[in-house]
Amino acid sequence: MRVTKYILPTLKENPSDAAVLSHRLMLRAGLMRKESAGMYAYLPLGLRVLRKITGIIKEEMDRAGAHECLMPELTNADYWKESGRWNTMGPEMFRITDRNGLEYSLGPTHEEAFTNLVRSVVSSYRDFPLNLYQINTKFRDEIRPRFGVIRSKEFIMKDAYSFDIDQNGLDESYNAMALAYRRIFERCGLETIPVQADSGNMGGSTSEEFMVASEIGEEVLLLCEKCGYRANSEKAEYKRADVINKTDADELKEFHTPGVKTIDDLVKFFRCEDDIFLKSIIYVYDGKPLMVVVPGSREVNEHKLKNHTGALELNLATDAVVEEVTGAPFGFAGPVGIKNTRVIYDVLVKNAVNAVTGANRKDYHYTGVNPGRDFMINEEADISTARAGDACPKCGASMYEKKGIEVGHIFKLGYKYTKSMNLSVLDEKGETVTPIMGCYGIGVNRTMAAVVEQNNDERGIIWPKTVAPFHVHLVGIAKSEEETAAVDKIYNLLLDSGIDVLFDDRKTSPGIKFADADLIGIPLRITAGKGFFTSGELELKERCAKDIINVPADKLVDKIRDYYK
RNA sequence: CGGGGUGUAGCGCAGCCAGGUAGCGCGCUUCGUUCGGGACGAAGAAGUCGGGAGUUCGAAUCUCCCCACCCCGACCA
């Protein structure tokens, strides 16, 4: 491809609305442009990278036994109503009504569509196992699109759905995907950290996320220093020390604490460690109030809480509800004396001795609060978020935190969709069975951004060979017509040899060409300059290396082929 | 949605506080000299100053309303 006939709007300066490195580089290198918030147009160069990534994904999916399909983006509301998600998906699902009043969604995900497809084409256990996938656009009305392509309203996803006759089959399908995912990301030149994850509102049990470590990651990961336990903080468990403090129990006393409402306030007021306090937070789950009690320094983990309660909807209570439950305004809630409201204690709470809690009375807290005496722990669960320094649930060693970008996620879904949508077939005994599902997603553009995020230097992008938009970047520095013709010959030689070449044939200064080459980041740069016109040798430089190798024109193609072997 | 911020030429910005009719750098066009790490000179083209309303003799500048975009929090590939 000749640059003079290509569209390659590289930018010297950082666009003002791009705060994140990959976003800046993708804009500057002319890979894409913003259409509006959370929506991006891919230019030819960017599209080439996307195609490389989807190519790798397809190869690995096919190898793992999955088959490519293509579903409509517009999905009939009836199927969503069958699964129940027309109501539970919430406002992140774009909904459309046609001229006849029929409702559709712009597909945010395709469990329903694939389940519907499969039930229309299978009739026997012999049709399984079945794993179908597609690569197409997903629409999600994100609360806040950000980081360029990393969180957008419209994005390309590879989504696969496995259907098996029994749990063993699902385990096999899932493991095949787990392996395929590792291969895909490795081939894309991405270092990923697979972690245990929460399944969220997708339903199902086991799930694993593929994370790319990054400062701009929106996920917090907890990683064990010793045994390899790795989990998303939404899911991460941690071992609690079962040290029982032997201090004698003090008397329960009301303490005047005017205007002291938060744990921070309490720490300042009492001048002591935050774990002396028990944090009592009121939630509303599926319309009912709920009190949750965790140690003062801990955060309530709403994912764990949601899983524990099985709640469809879980929100912090309004001040009015808080007052209704505790009889006091916001800031003075505590478990002592709470009746007629479900109270869930984190498993750490039972170790508390002489704790401080809200007194359920305006401007008062209790001191000397002791579980078992002042309140009963009728329901306890792991509902607090693990953090750096906590003990690994497997081996007890200390865990550390890392931030990550989620590029892939695989789930064992279970029967949620096959049951609700009545997908069933006959087994070998002639009995009706309901197949079990798994689902497996990869954010394709996000993967691209993550590759950029992980492969760059101060000059620009450094594409891994496997996903680079072109094999080589030919820089011609010709002054005369003869020289131009000589470089054209090299260009044609490369084209004829089946090498993807971006040929910078612009009549501009070499400095600009080199700077653009570094910015765009094609792995190999070939310069046809002075040396070429005198001795016939071309300069070969790897984007990631410093040294330049001189190669005679007749060895050039072999050299490039060697490099890409 | 809550909090913070920005909108002036294709891009990056100044001008706004103290109203007087829009400027700088890069890019772009033409010519010349250059040309292996973002060259130089000369001459040019290009702006509904995000939109609307208001105040005023006069608004990029002051007031009000709206919109878009970015950043921080709750969703997810």
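Model, not experiment: these values are computed from the prediction. Quick note on labels: first sequence line is chain A, next is B, and so on, each numbered from 1.
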- Among the nucleotides B:rC75, B:rG37, B:rC72, which one has an atom lying closest to any side-chain atom of A:R459? B:rG37
- Calculate the interatomic distance between A:R140 atom CZ and B:rA74 atom P; express it in whole Å. 18 Å
- Message: From C-beta outward on A:R446, which listed nucleotide comes closest to its side chain: B:rA77, B:rG37, B:rG25?
- Response: B:rA77
- Please measure how far the P atom in B:rC1 lies from the corresponding atom in B:rC16, and state the result in whole Å. 33 Å
- Are the ring of A:F514 and the base ring of B:rG36 both nearer than 5.5 Å at their centres and tilted by less than 30°? no
- Item | Interatomic distance at P, B:rG15 relative to B:rA53, whole Å | 27 Å
- Message: Over all strands shown, is A:G443 touching base, sugar-phosphate only, or nothing at heavy-atom distances under 4.0 angstrom?
- Response: base
- Message: Rounded to whole Å, please give me the gap between NZ in A:K158 and C1' in B:rA77.
- Response: 10 Å
- To the side chain of A:S16, which of B:rC69, B:rC13, B:rG36 is closest? B:rC13
- Query: Between the base of B:rG37 and the side chain of A:R525, is there a donor-acceptor distance below 3.5 Å?
  - Reply: yes
- A:R506 has an atom CZ; how far is it from atom P of B:rA39, in whole Å? 12 Å
- What's the shortest heavy-atom distance between A:L519 and A:R28, and which atoms? CD2-O, 3.4 Å
- Message: If we ignore hydrogens and angles and just use 3.5 Å, is the side chain of A:R95 paired with the main-chain N or O of A:W86 as donor and acceptor?
- Response: yes
- Under-4.0 Å side-chain N/O to phosphate OP1/OP2 contact, A:R146 with B:rC69: no
- Query: Quick one: A:I143 CD1 to B:rA77 P, roughly how many Å, whole number?
  - Reply: 14 Å
- Item | B:rC35 versus B:rC40 - spacing of their P atoms, nearest Å | 14 Å
- Message: Pairing check on B:rG41: which nucleotide meets the Watson-Crick or G-U wobble criteria with it, both distances under 3.5 Å?
- Response: B:rC31
- Task: Rounded off to whole Å, could you give me the CG-to-C1' distance for the A:L305 and B:rA74 pair?
- Result: 15 Å
- Query: Can you tell me how far P in B:rA9 sits from the matching atom in B:rG4, rounded to whole Å?
  - Reply: 27 Å
- Task: Could you measure between the two P atoms, the one in B:rC26 and the one in B:rA39, and give it in whole Å?
- Result: 11 Å
- Query: Ignoring hydrogens and angles, are the base of B:rG12 and the side chain of A:N14 linked by a donor-acceptor pair under 3.5 Å?
  - Reply: no
- Query: What integer number of Å spans the P atoms of B:rA22 and B:rA59?
  - Reply: 13 Å
- Which of these nucleotides, B:rA77, B:rC13, B:rG37, is closest to any side-chain atom of A:H409? B:rA77
- Task: Establish, for the pair A:K138 and A:F155, whether the NZ or CZ atom is under 6.0 angstrom from the six-membered ring centre and no further than 45 degrees off its axis.
- Result: no
- Please determine if A:R63 and A:E60 form a salt bridge, counting it only when a charged side-chain N lies under 4.0 Å from a carboxylate O. yes
- Of the listed nucleotides B:rG38, B:rG36, B:rC70, the one nearest the side chain of A:D516: B:rG38
- Query: Rounded to the nearest Å, what distance is computed from the NZ atom of residue A:K513 to the C1' atom of nucleotide B:rC35?
  - Reply: 10 Å
- Please state how far atom CD in A:E35 lies from atom P in B:rC69, giving the value in whole angstrom units. 12 Å
- Task: Quick one: look up who B:rC62 pairs with, Watson-Crick or G-U, both distances under 3.5 Å, and put none if it's unpaired.
- Result: B:rG54
- Query: Taking the side chain of A:K34 as its heavy atoms from C-beta onward, which of B:rA77, B:rG38, B:rC70 lies nearest to it?
  - Reply: B:rC70
- Contact class for A:T527 vs. all strands (heavy atom < 4.0 Å): base, sugar-phosphate, or nothing? base
- Sub-4.5 Å side-chain heavy-atom contact between A:Y491 and A:V501: yes
- Note on the structure: Among B:rG37, B:rG73, B:rC35, the one nearest any side-chain atom of A:A515 is B:rG37
- Message: Work out how far the P atom of B:rG7 is from that of B:rA43, and round it to whole angstrom.
- Response: 32 Å
- Answer with yes or no whether the side chains of A:D159 and A:Y161 bring together a donor and an acceptor at under 3.5 Å. yes
- Message: Need one value for A:P108: base, sugar-phosphate or nothing, where a base atom within 4.0 Å counts as base even if backbone is also close, heavy atoms only.
- Response: nothing
- Between A:E13 and A:F532, just flag the one whose closest nucleotide in RNA chain B comes earlier from the 5' side. A:E13
- Message: Both distances below 3.5 Å, Watson-Crick or wobble geometry, any strand: find the nucleotide opposite B:rU21.
- Response: none
- Query: Can a side chain N or O of A:K12 be found less than 4.0 Å away from OP1 or OP2 on B:rG25?
  - Reply: no
- Would you call A:R525 and A:D518 a side-chain contact if the rule is heavy atoms closer than 4.5 Å? yes
- A:A37 has its side chain closest, among B:rA77, B:rC72, B:rC69, to B:rC69
- Query: Looking at A:V321, A:V284, A:T309, A:I282, which hits side chain to side chain contact (heavy atoms under 4.5 Å, CB included) with A:L290?
  - Reply: A:T309
- Query: If only side-chain N and O atoms of A:R144 are considered, is one of them under 4.0 Å from the OP1 or OP2 phosphate oxygen of B:rC71?
  - Reply: yes
- Note on the structure: Looking only at B:rG36, B:rC69, B:rA77, the nucleotide nearest the A:E539 side chain is B:rG36
- At under 4.0 Å, does any side-chain N or O of A:S509 touch on OP1 or OP2 of B:rG38? no
- Task: Name the residue closer to the 5' end of RNA chain B, choosing between A:N445 and A:G531 according to the nucleotide with the nearest heavy atom.
- Result: A:G531
- Message: Can you measure A:F139 atom CZ to B:rC75 atom C1' for me and round it to whole angstrom units?
- Response: 18 Å
- Task: Report which part of the nucleic acid A:E218 touches: base, sugar-phosphate, or nothing (heavy-atom distance under 4.0 Å, all strands).
- Result: base
- Expressed in whole Å, how much space separates the P atoms belonging to B:rA60 and B:rG3? 31 Å
- Looking at every strand, decide which applies to A:I405 at a 4.0 Å heavy-atom threshold: base, sugar-phosphate, or nothing. nothing
- Message: Does A:T10 reach a base, just sugar-phosphate, or nothing at all? Heavy atoms under 4.0 Å.
- Response: nothing
- Message: Categorize A:G529 for me: base, sugar-phosphate, or nothing, with a 4.0 angstrom heavy-atom threshold over every strand shown.
- Response: base
- Message: Can you tell me the base-pairing partner of B:rC69? Count Watson-Crick or G-U wobble geometry only, both distances below 3.5 Å, and say none if there is no partner.
- Response: B:rG5
- Given salt bridge (charged side-chain N to carboxylate O under 4.0 Å, His left out), test A:R140 with A:E92 step by step and report yes or no. CA-CA 5 Å; A:R140 290 182 193 174; A:E92 71 268 18; over 6 Å; no
